[in-house]
S.K.: 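I have a structure here, written as structure tokens, and I will follow up with some questions on it.
Both backbone and side-chain heavy atoms feed into the values below; hydrogens, waters and symmetry mates do not.
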Protein chains: 2
Amino acid sequence: MGRRSDHTPDALRELLIGCGHDLMAERGFAKFSAREAARRAGYSVGTIYNVFGGLDAYLIAVNSRTFREWSAWLEEALAATSGDGDARVAALVRAYFAFADANRNAWMAIYDHRIDRTTTIAKQDEAAREALTGIVDREVTRWLGHADEPATRRLVRSLIATVHGHCALWLSGSYALMREEDPAGQALARVMEALSAHSGRAAPS
Amino acid sequence: MGRRSDHTPDALRELLIGCGHDLMAERGFAKFSAREAARRAGYSVGTIYNVFGGLDAYLIAVNSRTFREWSAWLEEALAATSGDGDARVAALVRAYFAFADANRNAWMAIYDHRIDRTTTIAKQDEAAREALTGIVDREVTRWLGHADEPATRRLVRSLIATVHGHCALWLSGSYALMREEDPAGQALARVMEALSAHSGRAAPS
DNA sequence: CACACAACTGAACACTGTTCAATTAAAAAT
DNA sequence: ATTTTTAATTGAACAGTGTTCAGTTGTGTG
């Protein structure tokens, strides 16, 4: 078959990303198959290589969709929160976990896909990934009550790593949190301790 | 070829685990191949299935070796530390990172291999995994200066998750810590803040 | 020495990623 | 309206994977 008019280039791109994202959600990274994703879109393997240039780029595109959904999820949760600083941070951490829980396979795939340092990520996809850091940055700055300093940026990254660690070990079912009933609560406790230490306020016990 | 007397059952087990571990260290989880591991041991694929019963069990055995090496590494670092409580905790966190850095592929493979909840882990391998938690438990209890309570155990798991998160994002080269020069230092800072909050002492800024 | 057993093999199967010559629909030129 | 050109799409080919299992062959026993 030759050139088809079923979809415009952009629509085809979106279609393939959509099918890939769905497949990732049901099967997980280990059992993901580009062939199967293409099949579901009504195309054949080669098309994925045509459109994205390679499997890595395709996976990056699929995972970037997850990033976008994740950011939107967090913003919604924050918008639905009417409260002071502490409540907003709590809502953010809880929403972080809730999204990962509701999209286990897709969420884990983000970290399962190891990107070779030589592979360049499309600008738009890079932005989708940085949007998440941006949200945390904004909320932490808001909580601290002062402008964004280099020290705050370092802290933000560290807080993300802290929450990530709890969430990752929780979803992977690792040894650490097997008997922990509220990993999000533990992550939140660590975040509040860190924030308190950086503001001079006392940490809530 | 039939029964050979090259190796006793135990020796063969160890040989296969050793070759698998080496291969994992050079190639990483994604490019690991049971065929290749068997080839290097001088056996064929089927033998791995004979000895371990399946690929999952083999990978668990391989990763458990990494766990054992990791524990030994941490104990050595602690033994070489002559200092007070803070220094021991610092040594522990630094050694955690140093091991992961020196054994990137093998360390990441531990978390890359998702174990189906139905798969049962051999008792000895389970023990190897829990040994690490045990070390942290012991050191945290020592730092806090009081006996092991349920609350302490929860904190220990949370601290492990905190350090894990920093280490994982660092090694995966993720967005969060790309420009962070000392992720271990950040993890340590978070750990000390948490420990301080749980002891009543002031957190060091 | 023959037998029986268990260890070990490797071909078979169904899948994967990746490449690329061939095909063919649509657009452009006649 | 017909031909030519262009580019999108295919799918067979290749090398690799995990997994199974009938068959082969060393080794210990009767």
S.K.: Looking for any heavy atom pair under 4.0 Å, which part of the strands does Tyr49(A) touch: base, sugar-phosphate only, or nothing?
M.R.: base

S.K.: Report the distance from atom SG of Cys19(A) to atom CD of Glu14(A), rounding to the nearest 0.5 Å.
M.R.: 11.0 Å

S.K.: Tyr43(A) and Arg4(A): which non-hydrogen atoms are nearest, and at how many Å?
M.R.: CZ-NH2, 2.7 Å

S.K.: Heavy-atom contacts under 4.0 Å between residues 8-17 of chain B and DNA chain D, which residues?
M.R.: none

S.K.: Report the distance from atom CG of Leu92(A) to atom CD of Glu139(A), rounding to the nearest 0.5 Å.
M.R.: 6.0 Å

S.K.: Looking at the base of dG16(D), is there any donor atom on it, or on the side chain of Arg35(B), that sits under 3.5 Å from an acceptor on the other one?
M.R.: no

S.K.: For Arg154(A), is there any backbone N or O sitting under 3.5 Å from a side-chain donor or acceptor partner on Ser158(A)?
M.R.: no

S.K.: If you assign each of Gly46(A) and Lys31(B) to its closest nucleotide in DNA chain D, which residue comes earlier from the 5' end?
M.R.: Gly46(A)

S.K.: Quick check for you: among dT9(C), dT9(D), dT16(C), whose closest atom lies nearest to any side-chain atom of Arg4(B)?
M.R.: dT9(C)

S.K.: Treating Asn63(B) as the side-chain partner and Ala109(B) as the backbone partner, does any N or O pair qualify as donor plus acceptor under 3.5 Å?
M.R.: yes

S.K.: Over all strands shown, is Ser33(B) touching base, sugar-phosphate only, or nothing at heavy-atom distances under 4.0 angstrom?
M.R.: sugar-phosphate

S.K.: Of the options dT18(C), dT16(C), dG18(D), whose atoms approach the side-chain atoms of Arg27(A) most closely?
M.R.: dT16(C)

S.K.: Identify whether any heavy atom of Gly53(B) sits under 4.0 Å from a base atom; if not, whether one sits that close to sugar-phosphate; answer base, sugar-phosphate or nothing.
M.R.: nothing

S.K.: Choosing from dT17(D), dT9(D), dG17(C), which nucleotide comes nearest the side chain of Arg39(B)?
M.R.: dT17(D)

S.K.: Considering the options Tyr96(B), Phe67(B), Phe99(B), Phe97(B), which one meets the ring-ring contact (aromatic ring centres under 6.0 Å, His included) requirement together with Trp73(B)?
M.R.: Phe99(B)

